[in-house]
Amino acid sequence: MLKVSNLSVHYGTTAVVKNLNLALAEDEVLMLVGPTGCGKTTILQALAGLIPISEGEIALGNWCASAKKPVPPEKRNVGMVFQDFALFPHLTVEQNVCFRLTNTALADHWLNLLGLDKFRHAKPARLSGGQKQRVALARTLAHEPAFVLLDEPLSNLDAALKDNLRWEIREALKAAGVPAIWVTHDQEEALSVGDRVGILNGGVLEQLDTPEMCFAEPASRFVAGFLGEASFLPGELHGHQVSTVLGPAPAIPIDAAEGEVDLLLRPDDLSLVPSAIGNGVIDWVRYEGCSRLYAVTVEGGAQLRVRTSHEVHGKPGDRVQMAITTTHPLAAFARKR
Amino acid sequence: MLKVSNLSVHYGTTAVVKNLNLALAEDEVLMLVGPTGCGKTTILQALAGLIPISEGEIALGNWCASAKKPVPPEKRNVGMVFQDFALFPHLTVEQNVCFRLTNTALADHWLNLLGLDKFRHAKPARLSGGQKQRVALARTLAHEPAFVLLDEPLSNLDAALKDNLRWEIREALKAAGVPAIWVTHDQEEALSVGDRVGILNGGVLEQLDTPEMCFAEPASRFVAGFLGEASFLPGELHGHQVSTVLGPAPAIPIDAAEGEVDLLLRPDDLSLVPSAIGNGVIDWVRYEGCSRLYAVTVEGGAQLRVRTSHEVHGKPGDRVQMAITTTHPLAAFARKR
Amino acid sequence: ASPMANSVENAVSVEQLPKLEGDLTLYLGTGEGGLYENVLAAIEKRNPKLNLKIRRGVTSALANTIVAEAKAGVRRADLFWAVDSGAVGQVADAGLARALPANLTGQLMPGFQYPQWAPVTGRIRTLPYYTGRFTADQIPDSIMALPDSNLSVGWAPAYAAFQSFLTAMRLLEGDKATADWLRGVNRRAKTYAGELGVVMGVERGEVDVGLANHYYTLRLKSGKPDAKVDLAFTKNDAGCLVNAGGVVALSQGDLPINFIRYLLSREVQSYLATEAFEIPLVSGVKPPEGLVPLSSVSPPKVDLTQLADLRPTLNLMRSVGVL
Amino acid sequence: MTPSSLLRWPASYPLALVIALMALVPVGVLFGLASDEVQLFDAHNLTVLSNTLLLMLFTVLGSVVIGVPLALLTAYVQMPWRRLWLILLAAPLAIPSYIGAFTLYAAFGRGGEIENLLGLPVPSVDGLPGATLVMILYSYPFVMLTTRASLLSLDASLVNAARTLGMTLGVSLWRVVLPRVVTGIAAGGLLVALYTLSDFGTPAIMRLDTFTRVIFVEYNAFGLSQAAMLSLQLLVIVGLVLFLESRVRGSRERPGRHLTIWPGRGQQLAIALSVVPILVLAIMLPLGVFGIWLAREGTEGFEFSYAWNSAHASFLAAIFAVVLAVPVAHAAIAGRAGRLMERMTYFGFGVPGIVMGTALVYVGLQLPFLYQTLGLLVLAYVLRFLPLAVSSVRSTAEGLDPSLVRAARVLGASPREAFQRITLPLTVRGMVAGAALVFLEAMRELPATLMLGPTGFETLATYLWRVYEAGYFGRAAIPGLLLVLMSALGLALMLSGERRAEFDVTETPHS
Ligand SMILES: Nc1ncnc2c1ncn2[C@@H]1O[C@H](COP(=O)(O)OP(=O)(O)OP(=O)(O)O)[C@@H](O)[C@H]1O
Ligand SMILES: Nc1ncnc2c1ncn2[C@@H]1O[C@H](COP(=O)(O)OP(=O)(O)OP(=O)(O)O)[C@@H](O)[C@H]1O
Ligand SMILES: [Mg+2]
Ligand SMILES: [Mg+2]
């Protein structure tokens with residue numbers, strides 16, 4: 001079981017990771033998200049022992065590393081899939097995957113599973129970005145680590161493969177009973193694959209909870225905005241009921257908010273019906289395949305986003321009737337001053 | 001106006017791009033998608049003149065390049081945003097963006113817009129992946145190309161920034177009236193940003209059409225599967241009507257299909273209601289924030305995917321009632337033998 | 001032609017010499033263009049039981065090595081055959097040279113008999129001149145008159161042979177006259193790296209006259225008979241100094257001494273004279289072809305070992321600014 | 001920076017320190033020799049000093065001007081017989097510069113061989129211009145090889161970015177590629193500078209009064225201690241050059257795709273025509289002049305064992321030099337102290353060979369079991385030429401992507417294993433180039449070979465010198481030719497090793 005206490009990391013004098021606390025269960029998959037440059041890669045490298053930590057402790061199974069007593073990476077038995085692949089350019093795909101293996105059965109298994117069989121004898125330089133990423137993945141998993149770190153393992157794969165692979169990796173991690181920390185940009189990936197989600201902002205963990213809780217009751221506006229398209233609608237909160245220009249709605253106060261609040265609305269919490277006497281005006285619309293996303297300015301000036309079936313047609317400037325359709329309580333944040 | 005006729009590119013003896021034909025209007029944005037290794041990057045490099053072509057012609061404005069008479073890249077006035085950034089490591093961010101500019105106002109504009117102001121004097125090695133991508137973007141756009149090639153320009157950005165940037169880039173391209181070819185992995189990006197979408201498979205362009213047409217009437221099963229989660233349900237097609245285990249539905253025959261067909265169903269074309277006497281059994285379910293995605297095996301053995309509100313709860317093994325809810329005609333492909 | 005071939009009177013023939021047997025290490029210092037390889041090969045051929053090891057090197061470097069070896073108590077060399085007498089003096093001054101038997105040194109011409117080393121061959125200072133413009137009688141016959149002539153001069157001040165010549169001038173004429181001479185020549189001199197270069201320069205007509213040992217000219221002419229260069233000699237001054245290369249015995253036993261005897265044999269001496277154009281120093285051996293007999297030149301009387309003390313000469317050259 | 005360098009002494013330090021101290025031993029001996037007599041610099045020597053510095057400066061500039069374009073050519077341009085071009089262009093390293101200087105001197109000028117042969121008057125080659133020309137011809141390959149090694153470990157696809165931004169190929173090479181190989185160029189320039197400082201033959205033959213000549217005069221006048229003192233003063237200049245070179249900072253980056261430039265037929269011809277004069281002057285002219293003399297005089301006395309001796313000793317030296325260079329190069333990358341150790345190994349290269357040789361005799365005499373054995377000769381070669389190996393190993397090692405080593409560590413490899421399996425194979429190219437340089441230099445080395453080899457050990461260089469000294473130039477033709485041929489062979493062998501190490505995208509399209 002991985003336990004991280006009070007971890008801080010500095011580059012020179014700038015703190016890049018501040019006071020991180022984490023504990024992972026036996027086979028838990030933790031998704032780490034956050035804006036670019038917030039320190040995700042840095043955390044993974046610190047856990048792997050690739051950069052020195054300045055404070056705190058990392059413990060896993062039979063080792064415990066601190067700033068004073070570092071444990072070298074090769075003693076940690078962690079696996080890592082690097083954002084920039086880090087394939088050995090002088091070795092073939094097969095040799096990369098078998099790097100320190102004596103029994104190559106597992107390597108074969110992963111090469112097979114990731115569709116790399118026909119590239120076995122190719123050098124990495126000949127592969128496309130996505131192919132490289134799959135080799136990196138195979139290499140890590142074939143070495144049976146006690147704990148896996150994934151730095152945007154799927155960021156260079158196409159959507160179809162990504163979707164399948166995502167679940168294959170998750171299942172493999174679960175089957176092996178290895179805990180993992182998985183960095184991603186993809187909020188869909190973060191919410192669906194992980195057992196828990198950690199949202200990082202400027203080196204600080206803003207929330208660490210189940211996907212459902214992070215999504216429904218974000219700890220901050222930042223988290224709300226980061227996980228899915230958040231719109232905010234002003235309202236008056238009394239107890240667990242809020243009144244807005246779109247009518248009343250059930251609400252959950254965040255950080256004991258009261259009175260003037262901003263209500264978090266997601267595109268699916270709303271409905272949109274074309275109506276000449278509606279309460280909003282379409283700003284823009286985007287086609288998304290199955291659905292369309294509308295941005296609508298409602299009375300009071302708030303711009304809200306709402307997702308409809310692709311069969312609903314509306315043009316910018318059209319007047320529409322908006323309503324809150326969700327039945328679950330909505331997160332309410334104290335109004336910013 | 002860009003015109004590509006009969007373009008083929010070989011690496012050694014392997015044809016990587018086969019017989020590509022394209023024409024782009026004044027300010028059109030063409031999204032190019034396809035599985036990894038299908039030749040997207042290769043096409044862009046051929047258009048930019050970075051690799052020799054083996055057949056065909058590329059014409060833009062005042063130049064026309066063929067296999068016999070290549071035009072060097074610097075004569076093409078083509079801007080390119082590279083998949084692997086290709087920033088000049090020995091220059092600062094500002095020097096990169098101003099690379100060949102005499103008037104740096106445009107550089108300032110883009111540095112500003114992309115939030116790079118505080119990194120002006122940093123060297124690329126110190127930036128995180130996403131930051132680098134933004135610099136690459138700024139550099140290309142600041143040089144006012146007549147035509148822009150983007151190789152997965154957003155693949156390393158986080159979701160929030162990606163969403164904004166996507167539209168900013170599109171608008172900038174439109175405002176400047178420059179046509180662009182934009183390679184992406186992200187089918188959502190492909191469908192929403194592009195004026196047209198090209199789906200590439202093994203070096204061949206399988207379909208080139210508006211996003212709506214590509215999505216609703218895919219030219220092949222491959223295209224159907226590539227753009228969004230496709231499920232196929234067996235049915236009997238007569239004219240424009242198909243009958244299935246989930247009942248009848250309107251259909252569009254693809255390639256003059258008749259009789260035994262597979263009906264293309266997207267997760268949003270279906271509804272799911274928990275029901276002890278339902279016609280399907282849940283295989284798995286995934287949380288997606290606003291929604292949940294279910295995989296359900298229906299009578300006859302087909303596995304269908306259906307997306308519901310996140311408020312619908314169901315566990316694997318539960319019996320549910322499935323129905324086709326869409327009113328638009330569904331694409332029907334001749335049954336594979 | 002084999003070095004053991006023609007026989008001349010007065011000198012000892014190799015036929016009369018004892019056979020050489022055993023291991024012998026010879027340090028062979030070249031540096032001015034000696035070619036002794038054929039001599040050594042012939043001696044080896046004649047003495048199959050002789051195991052001769054040769055270490056070749058720049059003369060001064062070998063001298064330094066011998067001194068360094070002695071200091072470290074490592075003795076590897078039995079003999080040191082050096083191309084110039086200065087190096088011999090250097091080794092002798094370090095007390096490393098073994099005294100030679102009188103019956104050996106007695107074979108040498110008078111004036112070339114030294115107790116601790118044996119000169120093998122001599123070379124004479126000459127004034128090679130460009131025959132394209134000059135005849136012999138236009139060349140001054142006194143070296144000290146050279147600055148006052150209107151000839152352009154090629155020289156190689158950094159060259160050991162030149163420095164020995166200048167040392168002799170210093171000994172004969174004094175420091176002041178030598179310094180004046182240097183200044184005078186320097187005004188019309190062209191500097192070359194070595195005296196072979198000087199002779200080649202003269203042959204091309206780059207300069208009118210050069211200062212060089214005799215054999216460069218003779219060798220050049222033997223390869224190129226129509227070469228536009230010939231030799232002129234001064235009289236009874238440093239300009240026609242006869243210097244010598246020599247050999248030192250460094251280890252005990254008869255073998256090194258007997259080896260030296262071979263070098264002074266009639267056959268070796270005449271071979272060196274005919275093939276290498278060096279001047280034999282054993283009486284009764286003919287001088288090289290193309291060279292006037294020594295007797296007609298009248299070289300100055302100088303103790304060659306004194307020429308080893310180059311330091312004052314170098315200081316003088318520096319002060320005048322030719323080095 | 002790797003974590004190990006932050007947490008403790010880099011593993012390469014102790015070894016590098018031992019090697020650096022070893023390399024300093026001869027310099028220490030010079031101090032010992034010089035302490036006998038102290039006579040400092042006199043005013044006259046100022047012109048000598050300025051000649052020396054000018055020769056060094058012009059030679060370095062000229063070598064860069066010739067060597068860098070040739071590096072670009074051999075690294076990126078797809079030419080027919082590219083390996084042959086590379087080998088020919090590196091071959092001048094195998095020709096002793098005194099041979100080159102002498103033949104150039106003999107060929108040009110009034111009454112020179114060219115005038116004799118063609119009847120055309122040609123200007124003579126001597127003085128500062130002549131010496132500079134010769135030094136450039138015989139030392140530009142240092143710059144070419146180190147720059148080429150840097151170029152090959154560079155992400156040259158950035159040229160593509162520059163070209164799409166509207167820059168021509170030439171300008172983008174200039175602005176985007178060259179600034180990133182300044183360390184490689186500087187490393188080559190350093191070697192050229194040190195070589196120029198220590199060379200005696202060329203300035204002597206070209207009649208240029210330089211520092212080495214003063215030293216040589218002293219040495220020949222048996223002023224060994226004065227020569228040692230002057231050598232130490234020369235070392236001050238060496239130190240200055242080393243310092244200047246260490247100020248050059250390139251950017252460190254991840255290796256990437258190679259660039260391939262496809263010239264048309266006409267361009268290929270133009271390139272060939274511009275390269276040929278260099279080869280004519282540096283290789284064909286000396287061999288041709290020797291050939292003329294060979295015809296005039298005939299040859300005798302040459303044995304093929306000389307060639308074997310040359311190759312054998314040089315090969316051993318190349319291997320050992322590279323083995324020793326690896327820890328030194330890695331120490332240099334790891335930190336400041338390591339950098340200092342690396343610098344220390346460079347001193348041996350800047351002292352005139354004969355003085356260095358004498359110092360090594362003193363060293364050898366302390367090791368009687370080694371004295372006058374092949375072992376000591378190889379050791380001497382290694383001490384003299386270690387910088388050649390170090391500089392090329394270092395420049396490739398610097399280009400190594402640090403995340404590769406991290407990946408290996410995370411997969412469970414100890415630092416040692418990661419070094420053996422990742423760092424080492426990925427720096428093979430630099431090691432091969434370094435070995436090639438040492439091999440070529442050792443092939444033409446003279447003073448140490450004469451002074452330290454086993455008695456009777458004759459190599460091509462010593463034989464060449466012997467017949468040159470004796471004025472039997474015709475006999476120099478065969479060993480001269482053999483020297484060039486064998487060096488080319490050695491180069492070819494090593495370059496085939498390099499090809500195997502070229503893992504990146506050299507499998508270029510349409511190959
Ligand atoms: N070697 C370094 N020296 C100094 N600062 C660094 C270094 N590496 C990264 N940083 C800085 O540390 C911060 C965190 O970087 P990190 O790579 O962890 O971000 P990230 O969250 O992984 O970003 P991305 O999503 O773009 O990969 C960034 O602001 C970056 O500029
Ligand atoms: N230099 C090369 N030599 C030989 N084959 C190559 C080379 N570069 C790419 N290929 C091959 O050409 C095919 C197309 O590569 P390309 O890089 O265009 O793919 P892509 O569609 O951009 O993939 P990705 O989405 O992973 O970036 C791949 O199968 C790849 O293996
Ligand atoms: Mg990162
Ligand atoms: Mg690509």
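All chains are named by letter (A, B, ...) in the order of the sequence lines, taking the proteins before the strands, and each is independently numbered beginning at 1. Values below: all heavy atoms of this structure, side chains included; hydrogens, waters and symmetry mates excluded.
The side-chain heavy atoms of D:V428 and A:H90, taken from C-beta on, include no pair separated by under 4.5 Å. At least one side-chain heavy atom of A:R100 sits less than 4.5 Å from a side-chain heavy atom of D:E417. No side-chain heavy atom of A:K75 sits less than 4.5 Å from a side-chain heavy atom of D:S414. Counting heavy atoms from C-beta on, the side chains of D:V405 and A:F88 never come closer than 4.5 Å.
The CZ atom of D:R421 sits 4.0 Å away from atom CZ of A:F99, with the distance rounded to the nearest 0.5 Å. Atom-to-atom distance recorded for D:R406:CZ and A:Q45:CD is 4.5 Å, nearest 0.5 angstrom. Distance CG/D:L411 to CD/A:E74: 11.0 Å, rounded to 0.5 Å.
Heavy-atom neighbours of A:E55 CD from other residues, nucleotides or ligands within 6.0 Å: at or below the threshold of 12. The 12-atom threshold is exceeded at CZ of D:F419, counting heavy atoms of other residues, nucleotides or ligands nearer than 6.0 Å.
Using a 4.5 Å cut-off between heavy atoms, A:L87 touches chain D through its backbone atoms (N, CA, C, O) alone. D:A408 touches chain A through backbone and side chain together, each having a heavy atom under 4.5 Å away.
Of the residues A:N77, A:V78, A:L44, the one that meets the side-chain contact (heavy atoms from CB on, under 4.5 Å) test with D:V410 is A:V78.
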